[in-house]
Amino acid sequence: MTDATSRPVRTRFAPSPTGSLHIGGLRTALFNWLFARHHNGSFILRIEDTDQERYDATALQTLVEALRWAGLQWDEGPEVGGQFGPYVQSERLAHYQQWARWLVDNDKAYRCFCSSERLKQVNEEKVARKEPPGYDRFCRSLSPAESAQRAANGESYVVRFKTPLDGQTVVQDWIRGESVFENANQQDAVLLKSDGFPTYHLAVVVDDHLMQISHVMRAVEWFPSFPLHWQLWDAFGWEKPVFAHLPVMLNPNGKGKISKRHPPVDKHGKTIPVMVHDYMRAGYLPEAMLNFLANIGWNFGDEREVFTMVEAIERFDLTRINPANSAFPTEKLDWLNGEHIRLLSPEELARRLKPVLEAAGFEVNVEVLLKVTPLVQVRMKSLSDVVEIAGFFFRETFIPAAPEKLPQKKMDARQTRDALVAAAARLGELTDFSIEAQKLAMETLAQELGLSNSQLFGVLRVAITGQQVSTPLFETMDILGKDTSLERLKLAGESLLVQS
RNA sequence: GGCCCCAUCGUCUAGCGGCCUAGGAUGUCACCCUUUCAAGGUGAAGACACGGGUUCGAACCCCGUUGGGGCUACCA
């Protein structure tokens with residue numbers, strides 16, 4: 001079996017718009033996108049909004065936003081059009097109704113007039129008898145004439161598939177090979193609902209055919225309905241696409257798939273975001289996110305784990321997809337995000353940092369930001385880290401640290417104050433306030449005071465930045481300037497109460 | 001419960017019958033570098049779920065057990 005058919009490669013991502021994009025959905029989209037790009041094919045976005053009860057007007061917008069953030073451009077779909085449109089299923093009802101009708105006319109499906117009450121009762125009875133629940137095929141034996149008559153009378157009905165009563169359905173999955181399902185275990189699934197909307201099962205087959213999808217990559221959740229779809233393709237007599245059921249991502253502890261309803265937690269008990277928008281807000285880079293997702297269930301081929309999507313496209317194939325489900329390795333995401341942050345040019349990083357700082361309420365002086373960026377670049381795991389590490393550069397008024405934070409290991413208040421005074425005096429004398437000059441002066445001073453560099457520099461750091469953890473001291477003073485630096489040292493010295 | 005899928009370090013993975021006394025990454029720990037925090041460098045601990053086969057030889061093939069996961073709607 002080969003993973004490329006003779007047909008042009010066309011893949012699709014077909015989410016239902018029920019909110020932001022689920023992180024697992026993004027990976028499914030990514031794999032489809034990578035495959036299409038690798039084969040110079042087309043990647044299609046199709047919206048599966050056939051559930052009116054779950055309709056959400058803003059969801060499509062949010063979904064599109066997440067996909068655009070990730071950079072997964074679709075060649076056909078909402079907002080971009082295409083020759084196989086419309087790409088929103090609620091606008092394609094005529095197709096589904098036509099093909100449902102075709103199935104009924106060709107004895108592949110039938111109208112079911114059973115009420116939901118009766119269905120419920122049948123189920124309860126079956127369960128009571130310890131039988132597996134399911135429809136009892138009551139309407140399957142209705143004559144075509146009676147069926148048509150009742151429909152004509154305006155009686156409400158659904159269309160159900162006429163599942164073969166015996167035999168087996170042998171399905172082919174690219175990742176798992178052959179699987180055999182007993183037809184006797186299959187239900188007469190509803191294809192067309194009473195509101196005239198199709199179920200997923202009908203819509204997916206009709207659309208994948210009409211849109212000439214060559215490869216269907218979807219999550220394994222769909223595997224149980226795979227035989228139904230397989231039979232549907234056969235019933236229509238259409239050429240099937242290649243199917244590949246992707247493993248799902250489980251909670252970090254490996255228990256259960258990641259879901260919005262039961263938010264996963266990491267080993268520290270911290271809640272892990274499920275939606276792409278949460279990751280956007282948390283300061284993750286789209287390139288890191290995609291790199292991360294590409295490493296779950298697929299691998300680059302050699303031992304590299306940090307790569308760009310351009311590189312991934314070159315190598316992407318279905319043969320290296322791992323059929324096993326995987327826990328969500330959050331620590332790797334943080335690591336990869338740091339790696340990608342370091343891969344960025346300082347200018348590019350600064351460009352991405354600006355909105356983060358602004359969102360935190362800072363007014364950003366771009367010139368300062370450009371100087372600060374290289375200092376934070378190596379220290380960040382996420383873009384939002386900049387606020388904590390270097391936010392003080394952009395604060396209107398300086399917030400000094402509490403005086404008790406000033407003394408370093410084995411230092412008392414007097415010693416600390418004296419060090420601050422001496423440092424201010426020494427730095428004040430400098431005509432050359434360069435980083436090197438500052439460093440030399442302070443190293444000399446530390447020796448004179450009998451302090452270690454660590455002690456003296458620590459005191460100065462807290463005085464200058466108001467923080468115990470910050471950007472490097474001399475670089476920071478360089479950016480702040482001599483006047484501001486001296487002012488802060490003086491302020492810190494005065495804040496220390498010393499009994500004489 | 002039924003049906004189906006899956007099974008290598010804590011985690012993500014390489015491995016597709018001999019190159020495996022199982023490789024990489026992450027995380028953890030130690031050391032080095034060092035003005036804090038990082039980053040970087042070096043090193044350590046850490047896995048073929050179990051039981052049967054097949055074979056000269058099995059992490060790799062087959063069967064069973066166990067474990068995990070998915071599905072079980074007029075939701076997708």
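Values reported hereafter were calculated over all heavy atoms of this structure, with side chains retained and with hydrogens, waters and symmetry mates removed. Reminder, nothing fancy here: chain letters follow the sequence lines and each chain counts from 1.
Listed by first then second residue, pairs satisfying salt bridge (charged side-chain N to carboxylate O under 4.0 Å, His left out) with a partner in residues 465-479 of chain A number zero, not counting sequence neighbours. Residue pairs meeting the salt bridge (charged side-chain N to carboxylate O under 4.0 Å, His left out) criterion with at least one partner in residues 435-451 of chain A, sequence neighbours excluded, are A:Arg426-A:Glu448, A:Lys439-A:Glu443.
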| request: Quick one, give me the B/S/- string for nucleotides 70-76 of chain B, reading 5' to 3', where B means a protein heavy atom under 4.0 Å from the base and S means that only happens at the primed atoms, P, OP1 or OP2. | output: BS--BBB
| field | Under 4.0 Å protein heavy-atom contacts per nucleotide of nucleotides 21-31 of chain B, with B for base, S for backbone only and - for none | value | --BBBSS----
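Across every strand in view, B:C37 sits unpaired, with no contact that passes the Watson-Crick or G-U test at under 3.5 angstrom.
Residues that satisfy the ring-ring contact (aromatic ring centres under 6.0 Å, His included) test with A:Phe113, not counting sequence neighbours, are A:Tyr157. Every residue two or more places apart in sequence or in another chain that forms a salt bridge (charged side-chain N to carboxylate O under 4.0 Å, His left out) with A:Lys257 is listed here: A:Glu221. A:Gln438 pairs by the side-chain hydrogen bond (donor to acceptor under 3.5 Å, both in side chains) definition with nothing, not counting sequence neighbours. In this view, A:Tyr110 satisfies the ring-ring contact (aromatic ring centres under 6.0 Å, His included) rule with no residue, not counting sequence neighbours. In this view, A:Trp99 and A:Trp102, A:Phe236, A:Trp238 satisfy the ring-ring contact (aromatic ring centres under 6.0 Å, His included) rule, not counting sequence neighbours.
Counting heavy atoms from C-beta on, the side chains of A:Leu344 and A:Gln377 come closer than 4.5 Å. Using a 4.5 Å heavy-atom threshold, the side chains of A:Pro329 and A:Ile296 count as touching.
Taking atom C1' in both B:G1 and B:A59, one finds a spacing of 34 Å when rounded to whole Å.
Residues of residues 374-385 of chain A that place a heavy atom closer than 4.0 Å to RNA chain B, in numerical order, are A:Val378, A:Arg379. Against RNA chain B, the stretch residues 460-470 of chain A makes heavy-atom approaches under 4.0 Å through A:Arg461, A:Gln468, A:Val469, A:Ser470.
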Atom pairs and distances, donor-acceptor, side-chain atoms in residues 15-22 of chain A, under 3.5 Å, two or more places apart:
{"unit_1": "A:Ser20", "atom_1": "OG", "unit_2": "A:His277", "atom_2": "ND1", "d": "2.7"}
{"unit_1": "A:His22", "atom_1": "ND1", "unit_2": "A:Gly24", "atom_2": "N", "d": "2.8"}
{"unit_1": "A:His22", "atom_1": "NE2", "unit_2": "A:Ile258", "atom_2": "O", "d": "3.0"}

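One distance of note links OH of A:Tyr87 with CE of A:Met211; it measures 6.0 Å at 0.5 Å rounding.
When each of A:Leu285, A:Asn291, A:Asp385 is checked for a side chain to side chain contact (heavy atoms under 4.5 Å, CB included) with A:Asn337, only A:Leu285 meets the rule.
Side-chain atoms of A:Arg92 come within 3.5 Å of backbone N or O of A:Pro86 as a donor-acceptor pair.
Look at A:Asn299 and you'll find a side-chain N or O under 4.0 angstrom from OP1 or OP2 of B:A14. Considering only side-chain N and O atoms, A:Thr471 lies nowhere under 4.0 angstrom from the phosphate OP1 or OP2 of B:C37.
Distance CD1 (A:Ile258) to C1' (B:U11): 13 Å, rounded to an integer number of Å.
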